[in-house]
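Fair warning: this is a prediction, and the values are worked out from it, not measured in the lab. All ligand and atom numbering here is 1-based and tracks the order in the structure. For the numbers below, each heavy atom of this structure counts, side chains included, while hydrogens, waters and symmetry mates do not.
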Amino acid sequence: MTSILHIAIPCPLRTVFDYLNTDSNITAEIGMRVLVSFRSRQLVGIIVGISTSTFEKYNAKLKTIEKIIDDQVLIPQTTFELINWVSNYYHHPIGECFQAALPKKLRQQDLAELKTETYWQLELNQDEIKLGKKQQQIMSYLANYSDAISQQQIIAELGSCKSSLFSLEDKKLIKQHQQVKQTLLACDTEPSHTLSKQQRDVVGAVWKYHDSFKPYLLHGITGSGKTEVYIQLTKQIIEKGKQALILIPEIGLTTQFVQRFRQHLDANIVVLNSAVSDGDRKQAWLLARDGLADVVIGTRSAVFTPLKNIGLIIIDEEHDGSYKQQDGLRYHARSVALIRAQRADIPIVLGSATPSLESLYNVEQGRYALLNLTERATGAKLPKIKVIDSEGPTANSGISTILYKAIQQQISLGNQVLLFINRRGFAPVLMCHDCNWIASCTSCDAKMIVHQSRNILMCHHCGLIHRLIQHCPTCKTTELKTYGVGTQQLEQTLQLYFPETEVIRIDRDSTQKVNVFAEIIDEIQQGGAKILVGTQMLAKGHDFHNVTLVGVLDADQGLFSADFRATEILAQLITQVTGRAGRGQKPGEVFIQTSQIKNDFWKDLIGQDYNFIAQKILAQRKDMGLPPGGSLCVIRAEDKQQSLAMLFLTEALELLNKANQQQVMILGPVPAIMEKRAGRYRAQLLLSCSKRKPIHQLLDHTINAISKLKLARKVRWSIDIDPVDLM
Ligand code: ADP
Ligand code: ZN
Ligand code: ZN
């Protein structure tokens, strides 16, 4: 009898692989990592099944594993089952699903051991001894805390002082011990706000059934105190001895959000996002798994973090596009979180000022309970919104005269102004006036963006960079002209207009370095007249108290887009942006520049409100059978050779048609709207159905055959279930 291990290996094949188990040191269990050789490489796989076989002929063909890495189960059963669900639902290879769910160090061969560190605390009996300055500092610092404090934190506060610590230990004034390393330094707590009646009602409603699965949509206007509600619920769940998982969108928002939790909760909090080091991520993951962290706050992939005692899931800004992964395993963290809550039998709160149509539809269908916060928590009023015709008189760089005057006025009052333009760089077009030559990317169907400060042209789709040229490459003579406005140009223009005022640009280019974002936010919080120029990166979640004026410079893009979600996203963006104004004592105002001043969209959004326009768009979607009124799946393919992607999808279509699944409508294959990107030609096949199930059945039935097509090994292809982007 030979023991066979079924192993999920990180590779694009939709199958598990059998290996012989020869490691007699460790008893193999499901959820452990093993090292195997696979196609002449050493890879880390996960044991997903164990069986025995007496069929010697079969056994003789199998390779043996190199070794078992873990001596205990790494992935707890609930997480294991969740990942299996993800693999099935998204029709994605199981090995890659495990990859997506594990922190980098655990995808490799790092041992799953918690790090410890030195903690110091005062001895109980203190003799009066004369001490040096540093030693006195340490003594009074430790006297502030009843618990032990980590050496790392003491050094962070007081500077290097190791020798002083040891001499205090010699004098028997302080003592040390080893303790599991927390990934965040301790911080001072502050008393929480007393919740308003509305906030208390929301907390009460969720708490009423906190022992069972129940999804809630918390629709609270911007500044209505949703975060305060999350904190209160988390506090209560921790008091029950349970853990909370909190998801936030993938933007610079984390610091401010986490800070508020830490100030108001006396709890072990761990953070999981791209700014956290690999070592700390692994530690955080293990702390959560072993029940040593009370709260996990993280972005999309944190949804997979195992929590021993999960009691509550919260998703902030649930409508945010960053919850959907756009490559590899294309999961939606909100969908995964819902499954997770259901299986753990716990409540899940989806919060937003601008709920997704998906969630509003689920409320309508009775699947989610709706909770409302209709007033700003500080009593501040929502700002007035004015729509300005962008074809009217302008000052410069696309700023209308009306907006310019408003900026001038707010700055003179010492207030802050926030201007949005959804385009980074200096200008989106570089063109020759004589022969109409336009700088475009050689690898994409896209224009090159002018980045004047770095003296380059850059493609925002593939990252291709060229030196900024001065003369037209075709007719050689004329000076080239830029058209359109990006954040950099706006920043320059405003700095010229307002030389005394600090102009801060916030976009992906200006915030690339770690922590820069946090520093910028700090600077903004300090107050004083400032002009902030940013992309939508700045639209979400931030709580700036001194901003009294918000301007949106290019609101039109969303009105003409071919993407069926564009108007929903625009309505959300405008509402969120609007929410950035007048959050403090002073009232706010909002100016939106559009060339479509008569478009019903503005009448609906501003004359009515987000809910009104959301319901209207939802009705249209249902009419057209589009999500959430129907279900979609996109099969995408791309290849360097123009015809191959289309050819592969045509063959896939044939197989799909053979399955004879009448309920699913299949459209395509068609080239993608931007056919060429990063040197590859892209095409897609769209599957749609009024219900979700038939699509999954069809895929289950056909996917193996598609995978076996010759071209399936040649072209890059993927399956996107519930796509958010059809472009
Ligand atoms: P949201 O998350 O809904 O945008 P926040 O939780 O950020 O709202 O709250 C907006 C502002 O109101 C914050 O400055 C917060 O400190 C304050 N706030 C929230 N709840 C209360 C309350 N009950 N009493 C006083 N201020 C509050
Ligand atoms: Zn020319
Ligand atoms: Zn490009």
Has the side chain of Lys676 got a donor or acceptor atom that lies under 3.5 Å from a matching backbone atom of Thr442?
-> yes

In terms of atom number and element, which parts of ligand 1 are under 4.0 angstrom from non-hydrogen atoms of His545?
-> 14 (O)

Would you say Gln232 and His264 make side-chain contact, with heavy atoms under 4.5 Å?
-> no

Hey, which of Glu318, His319, Gln572 is the one that makes side-chain hydrogen bond (donor to acceptor under 3.5 Å, both in side chains) with Ser352?
-> His319

A student checking ligand 1 against Ser196 at a 4.0 Å heavy-atom cut-off should list atoms 23 (N)

Can you give the angle Cys462 SG - the Zn ion (ligand 3) - Cys444 SG, rounded to 10°?
-> 110°

Please determine if the Zn ion (ligand 3) has an N/O/S atom from Cys441 lying under 2.8 Å away.
-> yes

Does the N or O separation between Thr227 and ligand 1 drop below 3.5 Å for any pair?
-> yes

Looking at Ala377, which atoms of ligand 1 are within less than 4.0 Å of one of its heavy atoms?
-> 12 (O), 18 (N), 19 (C), 20 (N), 21 (C), 27 (C)

Nearest 10° is fine: what angle sits at the Zn ion (ligand 2) between SG from Cys432 and SG from Cys472?
-> 110°

So do Ile504 and Val533 actually touch side chain to side chain, heavy atoms under 4.5 Å?
-> no

Using a 4.0 Å heavy-atom threshold (strictly under), name the region of Gln199 that reaches ligand 1: side chain, backbone, both or neither.
-> side chain

Between the side chain of Tyr209 and the main-chain N/O of Ile346, is any donor-acceptor distance below 3.5 Å?
-> no

Considering residues, nucleotides and ligands other than Asp266, do more than 12 of their heavy atoms fall under 6.0 Å from its CG?
-> no

Is it the side chain, the backbone, both or neither of Lys226 that has a heavy atom closer than 4.0 Å to ligand 1?
-> both

Check: of His264, Gln576, Arg260, min heavy-atom distance to atom 5 (P) of ligand 1 comes from Arg260

Does atom CZ of Arg508 have more than 12 heavy-atom neighbours, drawn from other residues, nucleotides or ligands, at distances under 6.0 Å?
-> no

Say you draw a straight line from CZ of Arg340 to CD1 of Ile310; how long is it, rounded to the nearest 0.5 Å?
-> 4.0 Å

Examine Cys459 and say whether one of its N/O/S atoms is closer to the Zn ion (ligand 3) than 2.8 Å.
-> yes

Do His210 and Lys240 have side-chain heavy atoms sitting under 4.5 Å apart?
-> yes

Thr378, any N or O under 3.5 Å of ligand 1 N or O | no

Let me see the working for Ile269 and Asp294 under side-chain contact (heavy atoms from CB on, under 4.5 Å), right down to the final yes or no.
-> CA-CA 6 Å; Ile269 299 176; Asp294 304 307; over 6 Å; no

Quick one: look at Thr194 and ligand 1, take heavy-atom pairs under 4.0 Å, and tell me if it's side chain, backbone, both or neither.
-> backbone

Gly225: numbered ligand 1 atoms lying under 4.0 Å from its heavy atoms = 1 (P), 3 (O), 5 (P), 6 (O), 8 (O), 9 (O), 19 (C)

Hey, is the Zn ion (ligand 2) within less than 2.8 Å of some N/O/S atom on His433?
-> no

